[in-house]
There are 2 protein chains.
Amino acid sequence: MIYFIIFTKYMKTKKRTTIYDIAEKLNIAASSVSRALSNSNHVNEATKKLVLKTAAELNYKRNNLASNLRKGQSKTIGVVVPFINQNFFSNVIAGIEEASYKKGYNLIICQSNELQSKEIKCVNTLINQHVDCLVISLAADSSDHKHLQNVIDNGIQLIQFDRVAGELETLKVINDNEQASLEAVSHIIEQGYKRIALLEGPQNLDIFGQRKKGYLAALGKYNMPVLDELIIENAWTKDLGAEATRKLLNLAEPPDAIFASTSDFSALGVLEVALAMGIKVPSELGICGYSNEAFTEITSPSITTIDQFSVYMGKTVANLYFQEMDNKDGTEVAPQIISIKPKLIVRTSTKRNG
Amino acid sequence: MIYFIIFTKYMKTKKRTTIYDIAEKLNIAASSVSRALSNSNHVNEATKKLVLKTAAELNYKRNNLASNLRKGQSKTIGVVVPFINQNFFSNVIAGIEEASYKKGYNLIICQSNELQSKEIKCVNTLINQHVDCLVISLAADSSDHKHLQNVIDNGIQLIQFDRVAGELETLKVINDNEQASLEAVSHIIEQGYKRIALLEGPQNLDIFGQRKKGYLAALGKYNMPVLDELIIENAWTKDLGAEATRKLLNLAEPPDAIFASTSDFSALGVLEVALAMGIKVPSELGICGYSNEAFTEITSPSITTIDQFSVYMGKTVANLYFQEMDNKDGTEVAPQIISIKPKLIVRTSTKRNG
DNA sequence: TAAATCATTGCAATCGATTGCAGATTAAAA
DNA sequence: TTTTAATCTGCAATCGATTGCAATGATTTA
């Protein structure tokens with residue numbers, strides 16, 4: 001009696017074919033198989049073809065763990081962001097993935113949930129994984145940066161983007177936040193708004209400091225006074241934006257424009273409160289957000305905002321790494337900071353003229 | 001778009017400390033170091049402490065490539081989705097990440113760009129990477145599924161979610177699309193709409209077939225006729241939704257409601273065309289989308305839609321894998337399908353009564 | 001024809017961590 | 001005191017692919 005037993009469910013025990021299996025079958029050395037598979041020119045063409053054919057037949061898949069261990073590199077880029085499912089970050093990641101994929105690199109992705117404690121764990125995991133490059137945008141409560149120094153000390157290329165630790169000498173890809181804010185606020189002023197409020201984000205993140213600088217610079221440029229009561233700290237969610245707006249609009253002398261420098265979500269909070277209070281946008285109140293979230297185009301009125309070219313930013317990050325790799329042989333110098341100029345997108349919420 | 005550039009010197013990578021370095025320094029065997037680091041109880045407490053201390057001093061990081069090679073597992077989950085930066089997928093990924101992180105697993109993420117050709121490459125890459133589990137949501141033009149069978153044949157746990165190949169016996173996490181559609185269309189009918197159009201997606205993806213079934217079931221339930229001219233194929237982007245709407249609203253007998261079963265983007269296209277044509281929503285035209293994208297809450301009127309619990313779906317996927325792992329010793333095997341019941345979110349765009 | 005060059009191939013070490021086995025030391029039981 | 005058990009440690013093989021070196025035979029050049 002003959003039984004054919006087929007295991008469909010649990011085949012984890014099944015051994016995968018290795019170069020040794022191919023070598024044995026063809027009665028040649030494993031090294032020749034390896035050379036054939038990596039298309040080395042130290043193998044006979046006939047052998048190469050034979051190996052390739054047999055590999056296909058046996059459904060051979062290279063074990064990258066072994067390969068990478070031997071070669072001392074992992075062809076892997078680690079990415080740490082606060083949240084994967086925030087529009088800006090998912091776009092950056094998409095950009096990184098697109099560029100990396102072309103070069104045969106894989107992405108390992110972690111989220112810090114805006115917590116430094118988790119950020120540190122993520123970074124350590126990625127160091128353990130022997131990523132070749134680590135890309136990070138800092139968590140909001142990130143204060144010291146020993147864990148990043150650690151990345152460098154382990155010989156891993158570190159690239160920071162957007163929310164960067166300025167004092168660390170690493171490759172960086174950032175937006176020119178100050179310039180963008182300057183342009184946005186200038187535009188608001190040119191539309192005839194006189195009392196412009198600022199919703200600012202956590203100042204321990206450089207980006208928010210820069211946006212504030214741009215705001216102040218614009219006021220300075222047009223000789224307008226800086227009014228402290230119009231500057232609200234930490235208003236970077238929709239709810240906080242709404243709350244801040246209620247406070248602002250109940251002032252004796254309320255603002256006639258609000259620059260939500262923190263995010264479009266914050267701007268959305270502003271808009272909703274204004275509409276609920278019967279205040280007309282843009283005639284009585286101008287609103288400008290930051291990030292060009294998809295919804296800013298859809299609200300009524302549509303919201304003026306700033307596009308950060310997030311997918312492009314991701315591609316830039318990845319290509320910066322590859323460029324750095326190409327350069328690695330010489331002792332020559334390499335570019336350290338790439339600044340992408342964001343673009344002001346003027347929509348209805350600030351159009352008072354014309 | 002790229003501007004100022006600062007130069008710095010390239011840093012040479014140095015050799016990382018291994019267990020041998022620790023062993024040498026303490027004059028013990030590498031195996032003891034390994035045991036100490038993995039908290040085995042086959043090492044003396046004193047030795048263990050000493051090793052841990054020295055490891056910290058030398059800034060030792062385990063080389064997971066080597067560890068995983070030896071152990072025959074990678075503690076890595078591969079994820080393939082059409083686009084990382086689509087709301088639904090980025091949410092699912094965030095959910096997977098959250099659950100995986102807790103178990104010490106890492107995520108490798110690829111995007112198929114809705115192309116089967118790229119999907120196949122991604123899958124092969126992940127097999128090469130020796131992921132322990134591969135999670136996938138199929139590309140729109142995915143037709144045959146040899147590459148998925150390949151995953152199984154390589155002993156990798158395969159989990160499909162949302163856009164699944166029904167005929168493949170794998171773990172699956174899906175939405176109950178039919179039930180959700182049934183409820184949505186029933187709601188529309190109960191609001192008094194009589195001629196309900198359907199915008200349907202590529203029927204080679206099961207999910208869109210199921211949504212259509214739900215639509216038909218609802219019509220049947222209320223004894224309403226199925227009108228072929230009100231069913232539009234492949235209208236699953238904003239532009240295609242808009243185009244379909246123009247066609248529908250110009251019919252001799254136009255619909256009084258449109259169920260954009262494909263996506264909220266499609267529904268948005270419907271809304272914009274309707275408003276541009278001066279048709280009142282919801283009184284003259286009811287609109288229902290699918291997915292509960294953030295913007296559906298913001299449009300005026302806000303759009304009725306269906307929430308898929310995407311983050312939860314991601315967590316479910318990951319936990320399904322871990323549960324399967326815990327079970328691996330037992331002989332019994334039931335290819336599990338977990339169906340998550342989506343939730344109808346009624347908003348203004350379909351509220352004719354009350 | 002002898003010497004030199006070239007193309008192929010195999011051997012064996014290597015990457016770093018893990019683990020079965022055996023030997024050594026110590027503690028506990030007889 | 002002897003036997004047995006328990007604890008600790010090291011040796012060496014292993015995971016799978018890569019690569020420097022040496023060896024083989026073939027081809028070319030002097």
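So that the names make sense, note that chain A is the first sequence line, chain B the second, and so on, each numbered from 1.
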(message) Nearest whole Å is fine: how far is dA17(C) C1' from E24(B) CD?
(response) 17 Å
(message) Pick the closest DNA chain D nucleotide for N27(B) and for H130(B) by heavy atoms, then say which residue is nearer the 5' end.
(response) N27(B)
(request) Give a yes or no on whether the backbone of L171(A) and the side-chain of Q336(A) come within a donor-acceptor separation of less than 3.5 Å. (result) no
(request) Flag this pair as yes if the NZ/CZ of K118(B) is under 6.0 angstrom from the six-membered ring centre of Y101(A) and inside a 45 degree cone about the axis; otherwise no. (result) yes
(message) Regarding I28(A), tell me which of base, sugar-phosphate or nothing describes its non-hydrogen contacts under 4.0 Å with the strands shown.
(response) sugar-phosphate
(request) Find the distance H42(B):NE2 to dT7(D):C1' and express it as a whole number of Å. (result) 9 Å
(message) Regarding E114(B) and R163(B), does a basic nitrogen lie under 4.0 Å from an acidic carboxylate oxygen?
(response) yes
(request) Please report, rounded to the nearest Å, how far the P atom of dG10(C) is from the CG atom of L26(A). (result) 10 Å
(message) Main chain of I28(B), side chain of S32(B): is a donor-acceptor contact present, judged purely on distance under 3.5 Å?
(response) no
(message) If we ignore hydrogens and angles and just use 3.5 Å, is the side chain of T54(A) paired with the main-chain N or O of L50(A) as donor and acceptor?
(response) yes
(message) Between E119(B) and K146(B), does any NZ, NE, NH1 or NH2 come within less than 4.0 Å of an OD or OE carboxylate oxygen?
(response) no
(request) Measure the distance from CD on Q73(A) to P on dA17(D) and round it to the nearest whole Å. (result) 16 Å
(message) Protein within reach of the bases, or only the backbone? For nucleotides 18-24 of chain C, mark each nucleotide 5' to 3' as B, S or -, using heavy atoms under 4.0 Å.
(response) BBB----
(message) Regarding E167(A) and K172(A), does a basic nitrogen lie under 4.0 Å from an acidic carboxylate oxygen?
(response) no
(message) Could you tell me how far apart I22(A) (CD1) and dT9(C) (P) are, to the nearest whole angstrom?
(response) 15 Å
(request) Quickly work out the N39(A) CG to dT8(C) P distance and round it to whole Å. (result) 13 Å
(message) From NZ of K15(B) over to C1' of dT14(C), roughly how many Å is that when rounded to an integer?
(response) 11 Å
(request) Examine the side chains of S143(A) and Q116(A) and answer whether a donor and an acceptor come within less than 3.5 Å of each other. (result) yes
(request) For D132(A) and dC15(C), give me the distance from atom CG to atom P, rounded to whole Å. (result) 18 Å
(message) Between the opening five pairs and the closing five pairs of the helix from dT1(C)-dA30(D) to dA30(C)-dT1(D), how far apart are the helix axes, to 10°?
(response) 50°
(message) Looking only at side-chain N and O atoms, does N154(B) offer a donor or acceptor that is under 3.5 Å from a partner on K61(A)?
(response) no
